[in-house]
K.L.:
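Quick one: this structure, given as structure tokens, is what I'll be asking you about.
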2 protein chains.
Amino acid sequence: MALPGTEQVLAEGRPLRRDAARHREQLLDAAAKVFATQGLSASVEEIARVAGVGMGTLYRRFPNKEALVDELVRQQLSDFIEAATAAAQLPGGVGLEVFLWRVGELLAARCGCFARLWTGANTERLVEEARLRIHQLLADSQRHGRIRPDAVVSDISLVIWSLMGVISTAQTAAPQAWRRALELLLLALRSSEVPLLELAPTPQEMSEIIQQKA
Amino acid sequence: MALPGTEQVLAEGRPLRRDAARHREQLLDAAAKVFATQGLSASVEEIARVAGVGMGTLYRRFPNKEALVDELVRQQLSDFIEAATAAAQLPGGVGLEVFLWRVGELLAARCGCFARLWTGANTERLVEEARLRIHQLLADSQRHGRIRPDAVVSDISLVIWSLMGVISTAQTAAPQAWRRALELLLLALRSSEVPLLELAPTPQEMSEIIQQKA
DNA sequence: CCATAAGCGGAAACATCACTCCGCTTAGGC
DNA sequence: GCCTAAGCGGAGTGATGTTTCCGCTTATGG
């Protein structure tokens, strides 16, 4: 018999028992909710309680708290990529703008894991793919003259980080605030009469941001 | 004789002994540095170590960890007010813009306490005064035609929250990133050709944000 | 100088979590 | 239906961090 505890990933091999799979989803949902309201320092006991399962169940599905957070982060990054893919289908170069509005909604809906969004484990591939998709969206929108030609991919990161700042401060009391902030930021990204003087983060800096661990 | 422990605030009555006052400053400096690098969850022991004092000293000067954070928050809010006051002297309606550049620098220099900036204890007066000063700066800049007439005070809050988001994500790897973000945001606040459609946070929402406790 | 209250350090007490362990329960193949 | 591996709950354990306590030290007014 294999050592207990080594087979708990559902990735390789046999599927989870039906109830176990359901509990896994309940735990992820509960974690998203609890982290969103109490921050990442919320206790795992609270998460298990909200999910309606015991601690043993939580730790059978996820090796530790960090892995639970990482999974939420991967979900959110996947959502971003999906949104970017859908937006890329739109004509007229509006894809980037539509994408950013969707990103705002996704961030607002799952605002618990901001601190780990760029630095979770095993997210390098996802972040890289997101970057690539954003690059394409940006190029398309610039080709159509909707976004200023001197905007670069890391400017879009700045927009997303800005939204994170607004959402993490204001979300509970002013859930619409990020929309106004995004409207302002898009206005700036469109108007190309005034040249930008400050330097955007370089690719080197961006990769350092992604690699930095908590 | 008074109960021990009731007199430790320096507010009412006798001044602190010279060495005690110095230790208090050392503790605040150490706390700012440690929180900036390790976040608010850094241990009190680490702060005492960096300050070069024992735990007893820390707890004689501050009733608990939270009070230490609150004092740092009050310092930063005071810095904002001071910056606003200085900027208000400038001619030509440039005060608001100068103020925001200064706010960026202040935020970047003391980036440890963002989570508590608006919600620390006993900060209501300071936040209210800051709001008032910003209101005056905004009105002045609008009178001179430098800022779009439909901008409101809570838009400036949005700018500050956005900077906080950029700084807390990128500060270590890309310490200049917030400048580019501010440049974009100011661009949007200046260009008044396109009207803003989304609603800025209302005064009610703003006061809820300030009142929400961790 | 001396007296003394204020201040100090750091060990111990206490609280909070993350994580483990184990006896009991149950889904699901036969 | 029955068997059994997979799953479950939740008390227990250890690590980490905050706060208190107390015997020793020192600034400072007279």
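By convention in this document, chain letters (A, B, ...) are assigned in the order of the sequence lines, proteins followed by strands, and residues within each chain are numbered from 1. Every value quoted in this text rests on a predicted model; they were computed, and no experiment measured them.
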K.L.:
Mapping A/V53 and B/E66 to their closest nucleotides on DNA chain D, which lands nearer the 5' end?
P.N.:
A/V53

K.L.:
Please name the pair of heavy atoms, one in A/T123 and one in A/L77, separated by the smallest distance, quoted to 0.1 Å.
P.N.:
CB-CD1, 3.8 Å

K.L.:
Distance check needed: D/dA6 P versus A/R60 CZ, whole Å only.
P.N.:
10 Å

K.L.:
Regarding B/A21, tell me which of base, sugar-phosphate or nothing describes its non-hydrogen contacts under 4.0 Å with the strands shown.
P.N.:
nothing

K.L.:
Atom CZ of A/R49 to atom C1' of D/dG9: distance rounded to whole Å?
P.N.:
15 Å

K.L.:
Between B/R22 (CZ) and C/dC8 (P), how many Å, whole number?
P.N.:
9 Å

K.L.:
Just how far, in rounded Å, is C1' of D/dG9 from CD of A/E45?
P.N.:
12 Å

K.L.:
Do the side chains of A/Q176 and B/L199 get nearer than 4.5 Å, heavy atoms only?
P.N.:
no

K.L.:
Does A/H23 make a side-chain N or O approach to OP1 or OP2 of D/dC8 shorter than 4.0 Å?
P.N.:
yes

K.L.:
I need the CG-P distance between A/L58 and D/dG7, as an integer number of Å.
P.N.:
15 Å

K.L.:
Side chains of B/W161 and B/I209, heavy atoms from C-beta outward: is any pair under 4.5 Å?
P.N.:
yes

K.L.:
Are the charged groups of A/E128 and A/R125 less than 4.0 angstrom apart, N to O?
P.N.:
no

K.L.:
Just the rounded figure in Å: distance from C1' of D/dA11 to OH of A/Y59.
P.N.:
15 Å

K.L.:
Determine whether a donor-acceptor pair (one donor, one acceptor, N or O, separation below 3.5 Å) exists between the side chain of B/R17 and the base of C/dA6.
P.N.:
yes

